[in-house]
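Along the sequence shown, residues are numbered consecutively beginning with 1. Everything numeric in this text was worked out from a predicted model, so none of it was measured. Because only heavy atoms are used, hydrogens play no part in the values below, and waters and symmetry mates are left out as well, while side chains stay in.
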Amino acid sequence: MTVTYICRHCQTFIGELPQQQVNEQLLGFHFLTPEERQSIISYSPNGDVKVKVICDYCKEALDSNPELSLIVSPLQ
């Protein structure tokens with residue numbers, strides 16, 4: 001069981017944590033609203049967790065071109 005971080009825009013693999021070393025409290029998931037949890041975190045049947053975040057490249061692109069945030073899939 002692992003926690004995998006991927007970019008929500010370009011699907012780039014960002015990192016992975018063995019789940020036995022962390023819990024939702026340590027990861028800060030408890031600060032998310034139910035809606036945020038649903039859009040950011042997904043669980044697989046075997047217990048793996050996928051967390052969608054924004055990679056540095058996509059963040060830089062969105063910061064430089066804020067109008068891209070109006071497009072559904074701006075950086076794919």
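When hydrophobic clusters are built by joining Ile, Leu, Val, Met, Phe, Trp and Tyr residues whose side-chain heavy atoms come closer than 4.5 Å, directly or via intermediates, Val51 is grouped together with Tyr43.
Under the side-chain hydrogen bond (donor to acceptor under 3.5 Å, both in side chains) criterion, Ser42 pairs with no residue at all, not counting sequence neighbours. Under the salt bridge (Lys or Arg N to Asp or Glu O under 4.0 Å) criterion, Asp56 pairs with no residue, sequence neighbours left out. Taking the side chain to side chain contact (heavy atoms under 4.5 Å, CB included) definition, one finds that Asn46 meets it with Ser44, Asp48, sequence neighbours left out. Looking at residues two or more places apart in sequence or on another chain, you find a side chain to side chain contact (heavy atoms under 4.5 Å, CB included) between Phe13 and Thr4, Glu16.
Contact record, Gln11 with Ile6: OE1-CD1, 3.4 Å, taken as the closest heavy-atom pair. Scanning all heavy atoms of the two residues, the minimum distance from Cys55 to Cys7 falls at N-SG, 3.5 Å.
To the nearest 0.5 angstrom, Arg8 atom CZ is 5.5 Å from Ser39 atom OG. Rounding to the nearest 0.5 angstrom, the gap separating the CG atom in Leu62 from the CD atom in Glu67 is 9.5 Å. We find the CD1-CD1 distance between Ile54 and Ile14 to be 9.0 Å, quoted to the nearest 0.5 Å.
Contact check for Leu27 versus Leu17: side-chain heavy atoms found under the 4.5 Å cut-off. The shortest distance between side-chain heavy atoms of Phe29 and Ile41 falls below 4.5 Å.
The salt bridge (Lys or Arg N to Asp or Glu O under 4.0 Å) contacts involving residues 32-41 comprise Glu24-Arg37, where partners must be two or more places apart or lie in separate chains.
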